[in-house]
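Naming: A, B, ... by sequence-line order, numbering from 1 per chain.
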Number of protein chains: 2
Amino acid sequence: MQDSQTSDTTQKTIEETIVSGILSARIRPGTRLSENQLASLFGVSRTRVREAMMRLETRGIVHVSPRRGWFVVEPSAEEAIAVYEARRIIEAGLLRSMRVLTDAGREALDAHLNEERSAIAAGDRQRLTYLMGDFHIRIAELSGNAIIVDILRDLTARTILISMLYQSEFHAAQSHDGHCRIFQAMQAGDFGRAAELAVEHLDEVEMGLDLTARPDPLSELRSSLSLPSRTVSPTDRPKNHKLQRSN
Amino acid sequence: MQDSQTSDTTQKTIEETIVSGILSARIRPGTRLSENQLASLFGVSRTRVREAMMRLETRGIVHVSPRRGWFVVEPSAEEAIAVYEARRIIEAGLLRSMRVLTDAGREALDAHLNEERSAIAAGDRQRLTYLMGDFHIRIAELSGNAIIVDILRDLTARTILISMLYQSEFHAAQSHDGHCRIFQAMQAGDFGRAAELAVEHLDEVEMGLDLTARPDPLSELRSSLSLPSRTVSPTDRPKNHKLQRSN
DNA sequence: CTTTGCTGTCTTGTATGCAAGATAGCCAGA
DNA sequence: TCTGGCTATCTTGCATACAAGACAGCAAAG
């Protein structure tokens, strides 16, 4: 636990580092976030790490198990469904509220879709994950409404965590097509249609999940015993405390 | 600064106390929230107060001016507009996503509207403020989506702060009528219409604001000097430090 | 009377220290 | 071999101590 490379990064950076790590699928659900490790990693005391964790917790991105540790959330199947539903509600409402697509907006989306295409061509899966989520954030940015942007960013982060848990295979091309269709409707000025397409698109992605799968392998037992809910799946829990310290 | 009545309230209570204080219009925008005062009021140390403040800050309800203090936010005119826009987007999307109004839902809304009526009859303005905001939260609860409920609760809190700053008079009867119309459309199963009515309703309320009014009397000077943004309007800033301590 | 600088006291910012729960691994006993 | 309990050591929870900025009020100079 010697001190490390980084230094006086100013407060919000811990938060943003973690969120962007999730958005680009570099941080997996269930990852342990030790206060001490983060503290030495960022060159600050536990206090500031803790503050960042609290903030992330209210954003639904991180979760604390009392006296055991902080973990990146592992959304349950129910939570996954709720996240997709919330996104459908907000994104459809957002698109329907739009009246015009400005030139700048058209160019931004066009550039984004090109990036998607080149990432698909390059087979860069991590970048692709990031771009697929970012498309929706870009649309929110068109509205110029910072509140909506923030909400959708957090929901997108949770969506990516959900994908990492439940998505067996990644239909990037299909998602890209969905994005293109939405863009076309927007260009045509038909925002009602764009909203419908966005809902369909989110439905498609949600259908691509296997929500009976991975996490909480004890769920059957748990529910048959009618125990409260869930903590952290033992899968990602470190087995050996001593090894923890090694980085 | 002696200790006080309250005791081992468990963490989230500080947060919820403040939010519900805002929702019922008992806490005004710009109110100073001293860490020390809250700490002794809740019988905890500053640490936990601070954590609550951080959480409230990420929820957009509280704001810190470095080394000066925590304050309940005083939304600027631009922020006020953004809040209403966000609400229109989300509430319209929410209503449009609904397919049926359950019996339980119908009864809940009906009971709520009756409460509105009796508060109007009684002229209980504080209760009325609470109910007028709560109607929209009730609708969100019908969806059963906790994410949407949380988002709308926070936006409603901000809306109430906005009202306290910019709303000269309170058209309770008009708002109540709007709520009734939305309810009727929902009962008729016409959720598209309900969404339209919700947007109109929010527009109406927003129009009732005088956004050129109250806060940040220095805004003209500030913008002509092109200074960053805003901190706390001097109006609500306490003049005398000594008096602070008295409760 | 106005202005300018000083100083005491308030505030938050941050680190640290100690308490206490939870877990892993060991060891003894069956 | 398996079971049960003990203990060492990890973790977070929470309070406290100290650093440092901001402001109000006063006093002195113009």
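- Under the 3.5 Å distance criterion, with hydrogens and angles disregarded, a donor-acceptor pair is assigned to the side chains of R87(B) and T159(B).
- Under the 30°/60° scheme for interplanar angles, the aromatic rings of F135(A) and H112(A) are found to be tilted.
- Across the protein-nucleic acid pair, N36(A) atom CG and dG17(C) atom C1' stand 13 Å apart, rounded to whole Å.
- Rounded to a whole Å, the CD atom of E35(B) is 15 Å from the C1' atom of dA17(D).
- Atom CH2 in W70(B) sits about 15 Å away from atom P in dT11(C), given to the nearest Å.
- For the pair R46(B) CZ and dC14(D) C1', the computed distance is 13 Å after rounding to whole Å.
- Here the side chain of S34(A) pairs a donor or acceptor atom with the backbone of Q37(A) at under 3.5 angstrom.
- Note: CG (L38(A)) to C1' (dT11(D)) measures 13 Å, nearest angstrom.
- The distance between atom CD of E51(A) and atom P of dT12(D), rounded to the nearest whole Å, is 15 Å.
- Put simply, CZ on R67(B) is 10 Å from C1' on dA22(D), counting in whole angstrom units.
- Candidate nucleotides dA15(C), dA17(D), dT11(D) were compared by shortest atom distance to the side chain of V44(A), and dA15(C) ranks first.
- For dA15(D), the OP1/OP2 oxygens have a side-chain nitrogen or oxygen of S45(B) closer than 4.0 Å.
- Residues M53(A) and V64(A) are not in side-chain contact: their nearest non-hydrogen atoms beyond the backbone lie 4.5 Å or more apart.
- Residue T47(A) has its side chain nearest to dA15(C) when only dA15(C), dT12(D), dC14(D) are considered.
- For the pair P66(A) and L33(B), nearest-nucleotide mapping onto DNA chain C gives the more 5' position to L33(B).
- Under 4.0 angstrom from either OP1 or OP2 of dT23(C) there lies at least one side-chain N or O belonging to R68(A).
- Computed from coordinates, the F71(B) CZ to dA22(D) P distance equals 13 Å when rounded to whole Å.
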